[in-house]
Amino acid sequence: MAKVTVEGGRSVEVSAGSPVGEALPPDAVCARVDGRLMDLSWAVPDDGEITVRAVTAAEPDGLHVLRHSTAHVLAQAVCDLYPGAKYAIGPPIEDGFYYDFDVAAAFSPEDLEKIEARMREIAAAGQPFRRRELSRDEALRRFEDQPFKREIIEAAEAAEGALGNRFAVYDNDGWGDLCLGPHLPSTSRLGAFKLLSLAGAYWRGDEKRPQLQRIYGTAWATEEDLEAHLHRLEEAERRDHRRLGKQLDLFSFPDELGAGLLVWHPRGGIFRKAVEDFIREIHMRSGYQPVFTPHIAKSVLWETSGHLAKYRDNMYPAMHDENEVDYYAKPMNCPFHVLIYKSQTRSYRDLPMRLFELGTIYRHERAGSLHGLLRVRGGTQDDSHIICRPDQLVDEVLRAFDLTLEIHRTFGFSDFVINLSTKPGEAIGEERMWADATEYLRTALDRSGLEFSVAEGEGAFYGPKVDFHARDAIGRLWQLTTVQCDFALPERFDMEYMGEDNERHRPVMIHRAILGTIERFSGVLIEHYAGDFPLWLAPEQIRVIPVADRHGEHAEALAGRMRERGLRAAVDNSRERMQKKVREAQLMKIPYSVVVGDRDIEAGTIAVRDREGHEVRGVPPEAFIEAAAEESRERRVMGVDLDGLAG
RNA sequence: GCUGGCGUGGCGCAGUCCGGUAGCGCAAGCGACUUGUAAUCGCUAGGUCGUCGGUUCGAAUCCGACCGCCAGCUCCA
């Protein structure tokens, strides 16, 4: 006999060797024993007492198991329907799971329906997942015709002699998969699932290895959870900046320009200018100096900087000019800023020098990684290089953090995930520099009191960095800010300053971009606000709508007064009905619509409507104009209280 | 870059499987209506069907290349 104590519950006596599941409530999907997740069928050892915790699909670990088992059933269904299919790996992922296959013909969306239907049959059949442990040889024999499984077995053994050379196999109804587990007790316990998409994926993520077909799915404990997730996907779709960019007439990517290259339309231009004006203003206020640099430079600059050696894959090919040297479009602004620094002998009194530029860069990103504004080939960074003495570095990094938080707060972001990224495989500079630079950043982070985690090997090729990821309105994280520490470029460019001791010293450099690129940041803002920009960012802030043609002149006068107060106001004088104009203004997500007709002209009032459809009549025009001008000037995220204006 | 899917007036789509030289809605222009909070009615114009090449009596439709877009290629039994 053995005694099983269920955490937060009672103790049960069970006979030795009986499944731990017998002691657990029926909604358990697996058990946590000594911190390890085990199948419900795991046999209780006969001697002692154990404490176990029931894990249900309502908690992350349980959901993970549920998704893992769903992936397993996906592979089973594929093997049923496509004899000879080779199956590779199928882990649970955030919100779902995937499984990679090698099958003769490409899957089509119709195949997904068939596969999903087969999965439902398997679920309905209630097949138990049975765990067995095999020796290496047995396992190899068991997966004789499954090359990916064989490779996993061989690699696992080479790596760690996993499980002491025992390999777990989960079988249900004759079909089995190599898997550490745990799994659900039965396919009948699968939750609500749906196959979502198809994609290619390299075996082991290596582009030199065979490309497999990946099927993505999502799985949840309940139908309601699944519905909620599908709803979130729709919500993300509704916010898609590429769709909104078109709808709001902000920008476009004409084919004629080339992939990843865009033009900003007038409405997008106003929006972008609002972003840039703010960014310039706050940088000037924070002790940065504006600089301007060209878009191309001779190859020698990129040789010195190390870009041709380490960053060439991301650069556009050279421009050849007969009888002249090659030129390259710049993928970064740093070398130019270095040249500005080096234009004269610098004193320790000149430091820190904070050079700021909205610098346009060109990067030949892989064709398949381009994604609207979020990944472009030509973009403009809010780029700064802070050149300082080593003893100033920590303070300068802290100042950069402060500026980062202030800027993001203004744009409506307040929740961040922060990473300290360390030396990558491809890097320049001595080990010593890397260690020092990383230590400075860590010190600054510690002093800032910000929470952070370390991302090994994720640094830039010239130095370690701190990245800020902002959480948006629907909980997604976006990498925006990067603050990078660089001891290498000052060395390469032989940057110096005269110290107090009348000796030459080497400065250090901080690279930092707070928004990242204006393009990418704009994409994030569009998705964050779903196009409903705060007033100060809205291309058209107020649309004045005359009820009938005869009110046009009055509307124009009103809009004129708004413009005098610095507001971006326009009159809709198209020959449409007023209702149509209201609809139009709302579809264009214009923050405020102002309607004027006979009654207003007579009473000297206006009717104000926000883009959510909230409407207030009888508002004194000056009160509204004043409130809106203030909202815009102060770059508020929240709109004015319309009800408070009604007098 | 790779795998799969897609590309038809400014925008959103049908037509492509089973070749016979294009259709709808919105937007645009014109006319009528002059309207109080999410689409008034009518008329008109607009497309060498991404590009180039091939097959065919004939290609939006079939084949090839290229360009562009979309999903993924990071999560490692």
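Values in this document were obtained by computation on a predicted structure and should not be read as measured data. Order of the sequence lines fixes the chain letters, A, B, ..., with proteins taken first and strands second; residue numbering starts at 1 for each chain.
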In whole angstrom, give me the gap between the [atom1] atoms of [N] and [M].
N: B:rG5; M: B:rC11; atom1: P; value: 25 Å
N: B:rU34; M: B:rU16; atom1: P; value: 46 Å
N: B:rG9; M: B:rG72; atom1: C1'; value: 33 Å
N: B:rU21; M: B:rG58; atom1: C1'; value: 9 Å
N: B:rU8; M: B:rC24; atom1: C1'; value: 12 Å
N: B:rG7; M: B:rU74; atom1: C1'; value: 29 Å
N: B:rA59; M: B:rC17; atom1: P; value: 14 Å
N: B:rC6; M: B:rU61; atom1: C1'; value: 15 Å

Distance in angstrom units between [X] [atom1] and [N] [atom2], rounded:
X: A:Leu195; N: B:rG5; atom1: CG; atom2: P; value: 18 Å
X: A:Leu261; N: B:rG68; atom1: CG; atom2: P; value: 10 Å
X: A:His265; N: B:rG10; atom1: NE2; atom2: C1'; value: 10 Å
X: A:Asp255; N: B:rG7; atom1: CG; atom2: P; value: 14 Å
X: A:Arg136; N: B:rA77; atom1: CZ; atom2: P; value: 18 Å
X: A:His241; N: B:rC70; atom1: NE2; atom2: C1'; value: 13 Å
X: A:Ile215; N: B:rG5; atom1: CD1; atom2: C1'; value: 15 Å
X: A:Arg150; N: B:rC76; atom1: CZ; atom2: P; value: 24 Å

Would you say [X] places a side-chain N or O within less than 4.0 Å of OP1 or OP2 belonging to [N]?
X: A:His364; N: B:rG1; result: no
X: A:Tyr216; N: B:rC73; result: yes
X: A:Arg550; N: B:rU35; result: yes

Under 3.5 Å side-chain donor-acceptor pair for [X] and [Y]:
X: A:Gln586; Y: A:Arg609; value: yes
X: A:Arg132; Y: A:Tyr170; value: no
X: A:Gln76; Y: A:Asn172; value: yes
X: A:Asp572; Y: A:Ser574; value: yes
X: A:Asp39; Y: A:His183; value: no
X: A:Tyr99; Y: A:Asp177; value: yes

Sort out the partner of [N] for me: Watson-Crick or G-U wobble, both distances under 3.5 Å, none otherwise.
N: B:rC13; answer: B:rG23
N: B:rC6; answer: B:rG68
N: B:rA60; answer: none
N: B:rC33; answer: none
N: B:rG1; answer: B:rC73
N: B:rA28; answer: B:rU44

Query - Letter per nucleotide, 5' to 3', of nucleotides 37-46 of chain B [B base touched, S only sugar-phosphate touched, - untouched; heavy atoms, 4.0 Å] - result: BBBB------
Looking at every strand, decide which applies to [X] at a 4.0 Å heavy-atom threshold: base, sugar-phosphate, or nothing.
X: A:Gly260; answer: sugar-phosphate
X: A:Asp549; answer: base
X: A:Lys246; answer: sugar-phosphate

Query - Verdict with supporting geometry, A:Asp467 and A:Lys465, salt bridge (charged side-chain N to carboxylate O under 4.0 Å, His left out) - result: CA-CA 6 Å; A:Asp467 292 326; A:Lys465 57 178 185 167; 3.4 Å; yes
Of the listed nucleotides ([options]), which one gets closest to any side-chain atom of [X]?
X: A:Ser197; options: B:rC73, B:rA71, B:rC76; result: B:rA71
X: A:Arg204; options: B:rU35, B:rC76, B:rG72; result: B:rC76
X: A:Ala201; options: B:rC11, B:rC73, B:rG68; result: B:rC73
X: A:Ala367; options: B:rU35, B:rG1, B:rA77; result: B:rG1

**Report entry** Check: A:Tyr202 side chain, B:rG72 base, donor-acceptor under 3.5 Å
**Finding:** no
Query raised in the report: Regarding A:Arg209 and the six-membered ring of A:Tyr202, is the cationic atom NZ or CZ under 6.0 Å from the ring centre and inside 45° of its axis?
Result: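 Output no; distance or angle outside limits.
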Query raised in the report: Looking at A:Trp478, is A:Arg471 sitting on its ring face, NZ or CZ under 6.0 Å from the six-membered ring centre and within 45 degrees of the normal?
Result: no
Query - Earlier contact from the 5' end, RNA chain B, for A:Val547 and A:His68 - result: A:Val547
Query raised in the report: So which one's nearest nucleotide on RNA chain B is more toward 5', A:Gly258 or A:His551?
Result: A:His551
**Report entry** A:Asp171 and A:Arg130 ion-paired at < 4.0 Å
**Finding:**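 Here A:Asp171 does not pair with A:Arg130 in a salt bridge, since their nearest N and O are not under 4.0 Å apart.
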